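Before any comments, here is the structure.
Letters A, B, ... are given to chains in the order of the sequence lines, protein chains preceding strands, and every chain is numbered from 1. These numbers were taken from a predicted model, which means no experiment stands behind them. Heavy-atom basis, side chains included; hydrogens, waters and symmetry copies ignored.
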There are 2 protein chains.
Amino acid sequence: MTPPKLLDEAALKERELLIINSAVLLIQKNGIENLTMDKVVAQVPFSKGTVYKHFIGKEDLLLAISNYSIKVLGDLFYRAYQFKGCARSRMLLLNFSYLIYAMLYPALFQCVLCAKSPNVAGKSSEKHINESEKLEVKLMTSIHGIVEDGLNDNSLSLPLNMDIQQICFSNWSTAFGAISLLSGEVDQCSGRTSLIVERELFNLSNLLYDGMGWQPLTKDSNPCLELKSALDELFPEELAKIKAKGRELNFDSFS
Amino acid sequence: MTPPKLLDEAALKERELLIINSAVLLIQKNGIENLTMDKVVAQVPFSKGTVYKHFIGKEDLLLAISNYSIKVLGDLFYRAYQFKGCARSRMLLLNFSYLIYAMLYPALFQCVLCAKSPNVAGKSSEKHINESEKLEVKLMTSIHGIVEDGLNDNSLSLPLNMDIQQICFSNWSTAFGAISLLSGEVDQCSGRTSLIVERELFNLSNLLYDGMGWQPLTKDSNPCLELKSALDELFPEELAKIKAKGRELNFDSFS
DNA sequence: TTCGTCAGTGACGAATCGTCACACATTAAA
DNA sequence: TTTAATGTGTGACGATTCGTCACTGACGAA
């Protein structure tokens, strides 16, 4: 009479990942707006009913993809956090890991943006929403850690009326604004042709840190070269993949 | 044999605006994702075919709504640009006019974000795309003007390796990042509850201006109070409307 | 009056969504 | 082994939505 559990947890997870990966491939090929549950089902060795067992709807699948993306980004952030060097340099490095992520996985980046919209979050399952919140906390952990390192080595002091969380948010929203406005493939703003995302992110981050009074411990000759070599050391594979896509991080324009 | 033009331009424009307004009302009620051409047609004294004469598809309508929104925002920006006071204060004021816009017309704000996505831009008519580009130039004009005022009165000097356009973009993306991350009605990030959008926008903008070395000409005692009174003077109706919605700009938390 | 042109119509096919009645598999008890 | 109960998987189905297109009617010119 005991209700039998026929499926083990691991198989379910694996299947979920398979569905997510198939959906990501479809998004990369057709664009996120043309993602169709029917197409996903066609790509996958399960029927529609089974897919809907995992995701209560299209939006729920989208949120799950977003969560998967945030895991990927969280890994990049953590690597930046763990890198050698002074806190300010690592924070800049972290922002550039965000840019690398946006350039390398534009479809994933877009999924995260879409998942933020209330129409998606409102139609998703509690399970995936909770997971989303946990993942974002983890994402913030790396930023938080770097800020605390900066506070501890006295290179950074909290500005008036600001706490650590606000500092973290400042950095996050700055990077988010620059990257989301500039990383789109379509030139959205006219006259924006002269804006180069890596250069603006570099300048904007440094303006922000200067505004905070965040001092680099190493009075290095060229912070741009320092960033470049750190990126080469920390993200060699990612940079190679970006190069393979024909889009290269270019630091020559602002030496 | 001459083909008769039976419809005058003005009537067409008026009808287009009627369709747009009906669509905006529907978005406010049902959310942007549930906007349906059928529903729009039902709200409007025209048939589907006529609506499709004006907009080649749903995305084209969305872009048209976005353009309409940018006009509204452009007006707010221009009022901030024309206001009295030093350049830095007016730039801060402009950023807050952006926040007022996002709070007052969340549906419009969301439409602009959506219209940025390639799937919308890719399916829109040349006519609306061109209009979009022109409008964004106009939007940037106010920002550009304030920066030039700052340069002219020597309160601001261009940072190393940055031109006016990059300064403009810095301010724009900073405001965009903070507002788009925090103005959502859903608390998206966990732990974000302690972040207050008006406070973070204030702090972030000032950090940026400090980083640029942008000096306020008036050594006023309290820049926050100065902003508050400027907003009261420049946007009394808008602030009243926001109050009527139950959401008030609160400056008490960071006096 | 007759014809040509154009604004306007709404029924239609295609595509998509999510559901549900049913079929199959596995285990426990008889 | 048989039977019952429950978990798992299926894909046909109705409901929506999209954008089109053959048709109607109004108006002016010949």
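- Taking a cutoff of 4.0 Å between a charged side-chain nitrogen and a carboxylate oxygen, B/Glu133 and B/Lys138 do not qualify as a salt bridge.
- Side-chain atoms of B/Ser66 never come within 3.5 Å of backbone atoms of B/Leu62 as a donor-acceptor pair (strictly under, hydrogens ignored).
- Using a 4.0 Å cut-off between charged nitrogen and carboxylate oxygen, B/Lys53 and B/Glu16 do not count as a salt-bridge pair.
- Using a 4.5 Å cut-off on side-chain heavy atoms (C-beta onward), B/Leu108 and B/Ile27 make no contact.
- In this entry the distance linking CG of B/Leu12 with P of C/dA7 reads 8 Å, nearest Å.
- In this pair, B/Phe176 and A/Phe176 present their aromatic rings parallel. The plane angle is below 30°, not in the 30 to 60° band.
- In this pair, A/Phe77 and A/Trp172 present their aromatic rings perpendicular. The plane angle is above 60°, beyond the 30 to 60° band.
- Between B/His54 and B/Phe46, the distance separating the two ring centers is not shorter than 6.0 angstrom.
- Between B/His54 atom NE2 and C/dC6 atom P there is a gap of 16 Å when expressed in whole angstrom units.
- At its two ends the helix from C/dT1-D/dA30 to C/dA30-D/dT1 runs along axes set 30° apart, each axis drawn from five pairs and the angle rounded to 10°.
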Nucleotide N/O of nucleotides 16-19 of chain C paired with protein N/O under 3.5 Å:
from, atom 1, to, atom 2, distance (Å)
C/dC17, OP1, A/Met37, N, 3.3
C/dC17, OP2, A/Met37, N, 2.7
C/dC17, OP2, A/Asp38, N, 3.3
C/dG18, OP2, A/Tyr52, OH, 2.5
C/dG18, OP2, A/Lys58, N, 3.4
C/dG18, N7, A/Lys48, NZ, 3.3
C/dG18, O6, A/Lys48, NZ, 3.0

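- Taking the salt bridge (Lys or Arg N to Asp or Glu O under 4.0 Å) definition, one finds that B/Lys243 meets it with B/Glu248, sequence neighbours left out.
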